[in-house]
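In what follows, residues are counted from 1 in the order of the sequence shown. When reading the values below, keep in mind they use all heavy atoms of this one structure, side chains included, and skip hydrogens, waters and symmetry mates.
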Amino acid sequence: MQHIAVIGAGQAGATLVETLRKQGFDGRLTLWGDEAELPYQRPPLSKAYLLGEMTRDRLHLRPASFYDDQRVEVHTGTRITALDPVAMTLTHTGGTESCDTIILATGSTPRRLPADIGGDLPGVFAVRTLADIDALEPHIRADGHLLIVGGGYIGLEAAAVARKRGMRVTLLEAAQRILSRVSCQDTALWFADRHRAEGVEIIEDAALARLTGSDHVSGAVLSDGTSFKVDAVVCGIGVAPNVDLAKAAKLEVNDGIAVDDRGRTSAPGIWAAGDCCSFPWRGRRIRLESVPNAIDQAEVVARNVLGADEAYVAKPWFWSDQYDVKLQIAGLNTGFDRVIVRDGTPTGGGRSHWYFKGDTLLAVDAMNDPRAYMVGKRLIESGRSPDAGAVADGSTPIKDLM
């Protein structure tokens, strides 16, 4: 194997090239990214970096010297426009590259508001890349009014930062409640109350009709005719996996680039990892948008490219920081039929929501309760479920649930 090309210079791509070298690959190794930056952390962008608590250089996963030392050819600001799975070539603006193995780590792209309702007006921002945050930051000012469209975790994190910076914040959610796709009602209500206590105006079950303005967004009109002025808009309505390259190359796509449990796509010699791909998990196909999945899956795929033949078994977990709240999530709550609410320890702090399907524990949302999170995570990953009554009884020591 002479040349392995990794397309996508995010968390998965950076992990792939690092793991390939650690596992002994000594051939040519190239990393292709369409952003101008070296691989960097995305989670701090909408939190510590936007607040000015983290400098730009600390975002980078590795310094440039690391890639030089590891003999990784990093091509930033370079978009791969086509791949040929038969000839095993990549095409980009500078020419064509021949490869022995291609690994797709193309990530995902934020969904944007339609242009015909003002989605492309200046002052309307996504929250995904370093360039997005650098463009947004000057508009996060104490005398401004920020509209956030979408009540998922990205929108809530942006709301928390804007309020910390003194902005007036209105958050618009088209569904009947925030976090409708990712959490139970208990978690949604808990966070809605927390944000309202911080001064965020949350409008649920309300659709955006259009944004107004000419050279810059200046207002919003809702479907019921309500209108108000805004100084900037953050769009947090989800992301879509980047599958255009794979589709054009006739690879199988199924809610992302479809891979098997080893990370192989439908074309020999082409693999995928991270946000861009879906994979088998517990009898169904899922796609995870998280840093832990990007790292863990990339490590397994890198080893498999070199012959390991190792199944990737995802252990989903996520987190979100809002104000002084650390939310930690273990597992996937899909299919739950009841939620057990557990208050924190008698010494104070914390709350957790435990998702069950029948007697089986599926997931845990832990707000400022790291012990509940760790116990829940261990139980879920070991395939064990605690007694629901013991979970609900806050006087039961959390360790006894094990």
Side-chain angles (χ1 to χ4, degrees), residues 150-157 173-195 202 204-205 236-239 254-256 275 278-293 296 312-320 322 325-344 350-394 396 398-402:
Y153 287 119
I154 287 294
L156 295 177
E157 289 171 1
E173 172 54 55
Q176 292 185 339
R177 62 172 174 84
I178 62 170
L179 300 176
S180 59
R181 295 188 303 109
V182 293
S183 82
C184 64
Q185 186 171 11
D186 299 274
T187 298
L189 289 174
W190 194 92
F191 275 101
D193 288 345
R194 186 71 177 83
H195 279 272
I202 298 177
E204 296 167 311
D205 196 18
I237 56 175
V239 299
N254 182 356
D255 185 31
D275 290 12
S278 65
F279 56 90
W281 186 76
R282 298 186 179 181
R284 57 195 174 99
R285 181 164 288 276
I286 64 170
R287 185 173 59 82
L288 295 177
E289 299 163 5
S290 73
V291 169
N293 174 70
D296 294 346
Y312 174 55
V313 181
K315 298 176 180 179
W317 63 277
F318 314 85
W319 80 92
S320 177
Q322 299 166 45
V325 178
K326 166 72 77 173
L327 168 66
Q328 295 168 289
I329 303 170
L332 291 180
N333 63 30
T334 306
F336 73 93
D337 53 28
R338 60 174 170 156
V339 175
I340 304 298
V341 175
R342 180 182 174 88
D343 290 325
R351 178 185 173 103
S352 54
H353 299 156
W354 300 63
Y355 297 77
F356 283 82
K357 182 177 183 180
D359 294 327
T360 301
L361 178 65
L362 300 179
V364 176
D365 294 343
M367 288 74 76
N368 288 343
D369 197 342
R371 295 184 68 197
Y373 163 74
M374 287 306 300
V375 168
K377 188 171 188 291
R378 289 173 183 172
L379 286 166
I380 293 165
E381 290 178 0
S382 64
R384 293 181 290 155
S385 297
D387 176 75
V391 171
D393 183 359
T396 302
I398 190 71
K399 62 182 178 61
D400 289 359
L401 300 181
M402 296 291 292

- Assess whether side-chain hydrogen bond (donor to acceptor under 3.5 Å, both in side chains) is satisfied between Asp186 and Tyr355, documenting all intermediate values. CA-CA 11 Å; Asp186 299 274; Tyr355 297 77; over 6 Å; no
- For side-chain contact (heavy atoms from CB on, under 4.5 Å), just list the numbers for Arg342 and Ile398, CA-CA rounded to whole Å, side-chain angles, deciding distance to a tenth of an Å, and then say yes or no. CA-CA 10 Å; Arg342 180 182 174 88; Ile398 190 71; 3.6 Å; yes
- Applying side-chain contact (heavy atoms from CB on, under 4.5 Å), run through Leu156 and His195 and close with a yes or a no. CA-CA 8 Å; Leu156 295 177; His195 279 272; 3.7 Å; yes
- Gln322 vs Arg194, side-chain contact (heavy atoms from CB on, under 4.5 Å): CA-CA, chis, key distance, verdict: CA-CA 9 Å; Gln322 299 166 45; Arg194 186 71 177 83; over 6 Å; no
- Message: Set out, in order, the CA-CA distance, both residues' side-chain angles and the distance that settles side-chain contact (heavy atoms from CB on, under 4.5 Å) for Asp369 and Arg371, then state yes or no.
- Response: CA-CA 6 Å; Asp369 197 342; Arg371 295 184 68 197; 4.2 Å; yes
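A donor-acceptor pair under 3.5 Å links the side-chain atoms of Asn368 to the main chain of Lys326, judged by distance alone. Counting only distance, with no hydrogens or angles, the side chain of Ser278 and the backbone of Asn254 share a donor-acceptor pair below 3.5 Å. For the pair Arg287 (side chain) and Glu289 (backbone), a donor-acceptor distance under 3.5 Å is absent. Asp365 places no side-chain N or O within 3.5 Å of a backbone atom of Leu327 that could act as its donor or acceptor partner. Under a 3.5 Å cut-off, the side chain of Trp281 and the backbone N or O of Ala314 do form a donor-acceptor pair.
Pairing each heavy atom of Val375 with each of Met402, the nearest pair is CG1-SD, 3.7 Å. Scanning all heavy atoms of the two residues, the minimum distance from Ile178 to Glu204 falls at N-OE2, 3.0 Å. In terms of heavy-atom proximity, Ala188 sits nearest to Arg177 at CB-NH1, 3.3 Å. Closest heavy-atom contact between Trp319 and Trp317: CE3-CZ3, 3.8 Å. Scanning all heavy atoms of the two residues, the minimum distance from Ser180 to Glu173 falls at OG-OE2, 4.4 Å. Of all non-hydrogen atoms in Asp387 and Gly389, the two that sit nearest each other are OD2-N, 3.0 Å.
Atom OG1 in Thr334 sits 8.5 Å away from atom CD1 in Ile286 (nearest 0.5 Å). Taking CG from Asp393 and CG from Leu401, the interatomic distance works out to 9.5 Å, rounded to the nearest 0.5 Å. Atom OG1 of Thr187 and atom NE2 of His353 lie 5.0 Å apart (nearest 0.5 Å). Once rounded to the nearest 0.5 Å, the distance linking OG of Ser385 with CG of Leu362 reads 7.5 Å. Here the straight-line distance linking atom CD1 of Ile329 with atom OH of Tyr373 works out to 9.5 Å at 0.5 Å rounding. Within the model, atoms CZ of Phe336 and OG of Ser183 stand 8.0 Å from one another, a figure rounded to the nearest 0.5 Å.
Residues Arg338 and Asp359 are paired through a salt bridge, judged by an N-O separation under 4.0 Å between the basic side chain and the carboxylate.
No side-chain heavy atom of Asp296 sits less than 4.5 Å from a side-chain heavy atom of Lys315. Considering only heavy atoms from C-beta on, Phe191 stays 4.5 Å or farther from Ser320 through its side chain. Within the 4.5 Å cutoff, side-chain heavy atoms of Phe318 are placed close to those of Leu332. Contact check for Phe356 versus Pro386: side-chain heavy atoms found under the 4.5 Å cut-off.
Partners of Arg384 according to the salt bridge (charged side-chain N to carboxylate O under 4.0 Å, His left out) rule, which considers only residues two or more places apart in sequence or in another chain, do not exist here.
Remark: Glu381 CD is packed, more than 12 non-hydrogen atoms of other residues, nucleotides or ligands lying under 6.0 Å away.
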